Amino acid sequence: MKRILFLIPLFLHFQCSVLGVLQDKIPTPEFSFESLHIKQITFTDITLGVETSVTNPYPVSLPSSFLDMDIKIEGMKLSQIKTDLGIIEAKKTKALPLEVKLKYTDLVQLYKKFPTKPMLEVSAEGNMKVAIPKQWQLLGKDSVSFPFVQKKEIPAVLPDVEIRNFKILMPTESEILSASNTESMVGTTTNFLKGLLGGSKTPVTSAAKAGLAGLKLNLKTEFDFVFSNQAAANLNLTDLKYNLQLAGENFLTGSPKEIINSGKESTVKVSNEFPITSIGTSLYKTIQSKEALYQLRGDSGLLVPNLRENIPFSYEKKGKFQW
């Protein structure tokens with residue numbers, strides 16, 4: 001009896017050793033958290049990109065891969081993601097990218113807690129659980145879990161834009177003369193411009209528009225887009241492109257020649273021109289009244305001190321301005 005009792009621990013030890021060897025020889029899925037980065041900034045939110053991947057070592061598909069992740073900023077939980085990322089094919093590595101949007105409506109209260117802190121720590125904390133096919137399960141283990149914590153600094157941003165110093169310049173007499181083919185066209189053009197820019201309330205007529213047909217005269221305009229950050233980070237705009245509509249009509253599209261970055265404010269100097277023949281009735285009335293409903297949209301890069309990356313910035317705003 002004593003001999004049997006003595007052999008039981010040896011048998012259990014041998015069994016555990018065998019299972020340990022088998023466990024070492026059976027492959028398991030691999031998980032990689034590749035990056036947590038800022039994908040885009042807009043006037044409404046910051047989009048974070050989460051790049052992960054799972055490698056399936058088995059000759060059969062993995063039935064599921066379940067992600068449970070919290071997004072925290074300065075320790076405050078702002079978002080939670082629970083999702084099945086789907087089947088992972090046999091002998092394949094599957095990229096599992098995710099997007100997380102942080103809305104300024106949620107971030108504003110956080111900014112108030114750290115009013116002078118330009119960079120905030122965001123962390124992705126969670127667990128990736130991957131199912132194991134039945135024939136490769138050992139000791140009843142039907143899945144493998146990969147806990148993770150990834151951290152990143154993001155700028156405290158709450159961007160806005162205004163249109164300032166807007167003006168359309170009256171062409172000189174010599175510019176009108178050189179663009180006109182006949183003396184009557186000079187008179188038609190001058191009258192049109194006086195009605196448009198000279199303070200006259202004369203409405204544009206179809207006859208007046210017809211009289212400008214073929215006129216190769218551009219009107220020059222100058223104004224500033226002033227982008228500001230109402231949170232703590234300094235922002236520098238790069239490679240900005242814009243599209244400006246006035247009264248629902250396309251007005252100008254282009255890239256500025258000069259951007260003056262000065263901390264939390266960037267002034268985009270716009271100097272452009274557009275053909276006089278492109279002015280429709282709605283735009284004529286808008287310019288004449290010196291008050292405009294506008295829609296501004298475009299793209300830029302954002303360079304932030306302490307971050308090496310050039311963050312994509314897409315902006316869009318509707319409003320009214322006067323000049």
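It should be emphasised that the depicted structure is a prediction, and the values quoted were computed from it without experimental measurement.
The backbone N or O of E222 sits nowhere less than 3.5 Å from a side-chain atom of N272 that would complete a donor-acceptor pair. Q150 places no side-chain N or O within donor-acceptor distance of the main-chain N or O of S35, the cut-off being under 3.5 Å. With hydrogens and angles ignored, the 3.5 Å screen pairs no side-chain donor or acceptor of D45 with any backbone N or O of K101. At distances below 3.5 Å, at least one donor-acceptor pair connects side-chain atoms of E74 with backbone N or O atoms of E121. Between the side chain of S53 and the backbone N or O of K94 there is no donor-acceptor pair closer than 3.5 Å. A donor-acceptor distance shorter than 3.5 angstrom exists from the side chain of E175 to the backbone of T172, with no hydrogens or angles considered. Looking only at distances, a side-chain donor or acceptor of Q288 sits under 3.5 Å from a matching main-chain atom of G195. In this structure a side-chain-to-backbone donor-acceptor pair under 3.5 Å is missing from T42 to Y315. Using a distance-only test at 3.5 Å, with no hydrogens or angles considered, a donor-acceptor pair links the side chain of Y58 to the main chain of P27. No side-chain donor-acceptor contact under 3.5 Å links T55 to the backbone of P29.
Ring orientation note: the planes of F166 and W323 are tilted relative to one another, at an angle of 30° to 60°. Ring geometry, F227 versus F313: the interplanar angle exceeds 60°, so the pair is classed perpendicular (tilted spans 30 to 60°).
A heavy-atom distance below 4.5 Å is found between the side chains of L48 and I154. The shortest distance between side-chain heavy atoms of L196 and I168 does not fall below 4.5 Å. Annotation: side chain of L36 is in contact with side chain of V50 (closest heavy-atom distance under 4.5 Å). Counting heavy atoms from C-beta outward, L235 and V304 have side chains that approach closer than 4.5 Å. Considering only heavy atoms from C-beta on, P256 comes within 4.5 Å of Y242 through its side chain. Residues N56 and V130 have side chains not in contact (no heavy-atom distance under 4.5 Å, counting atoms from C-beta outward). At least one side-chain heavy atom of L107 sits under 4.5 Å from a side-chain heavy atom of L78. Side-chain contact between I73 and L102: present, with at least one pair of heavy atoms (C-beta onward) separated by less than 4.5 Å.
Judged as a side-chain hydrogen bond (donor to acceptor under 3.5 Å, both in side chains), not a single pair has a partner in residues 102-115 (not counting sequence neighbours).
V144 and I88 fall within the same hydrophobic cluster, where Ile, Leu, Val, Met, Phe, Trp and Tyr residues are linked whenever their side-chain heavy atoms come under 4.5 Å apart, directly or through other members. Hydrophobic clustering (ILVMFWY, side-chain heavy atoms < 4.5 Å, transitive): V226 and I163 are in distinct clusters. Residue L293 is not grouped with residue F223 when hydrophobic side chains (ILVMFWY) are merged at heavy-atom distances under 4.5 angstrom, including chains of intermediate members. Grouping the Ile, Leu, Val, Met, Phe, Trp and Tyr side chains by contacts below 4.5 angstrom, directly or via other members, places V149 apart from M69. The cluster map of Ile, Leu, Val, Met, Phe, Trp and Tyr, joined by side-chain heavy atoms under 4.5 Å apart, puts V122 and L110 in the same cluster.
Around atom NZ of K129, no more than 12 heavy atoms belonging to other residues, nucleotides or ligands sit under 6.0 Å away. Environment of CD in E89: sparse, with no more than 12 heavy atoms of neighbouring residues, nucleotides or ligands closer than 6.0 Å. By the neighbour-count criterion of 12 heavy atoms within 6.0 Å, atom CD1 of I260 is densely surrounded, having more than that number from other residues, nucleotides or ligands. Counting heavy atoms of neighbouring residues, nucleotides and ligands inside a 6.0 Å radius, atom CD of Q135 exceeds 12 of them. Sparse packing is recorded around CD of E30, with 12 or fewer heavy atoms of other residues, nucleotides or ligands lying under 6.0 Å away. Heavy atoms from other residues, nucleotides or ligands lying under 6.0 Å from NZ of K39 number 12 at most.
Applying the ring-ring contact (aromatic ring centres under 6.0 Å, His included) test between F146 and each of F33, F31, F66 identifies F31 as the sole match.
For the 3.5 Å distance criterion, the side chains of D299 and S314 qualify, holding a donor opposite an acceptor.
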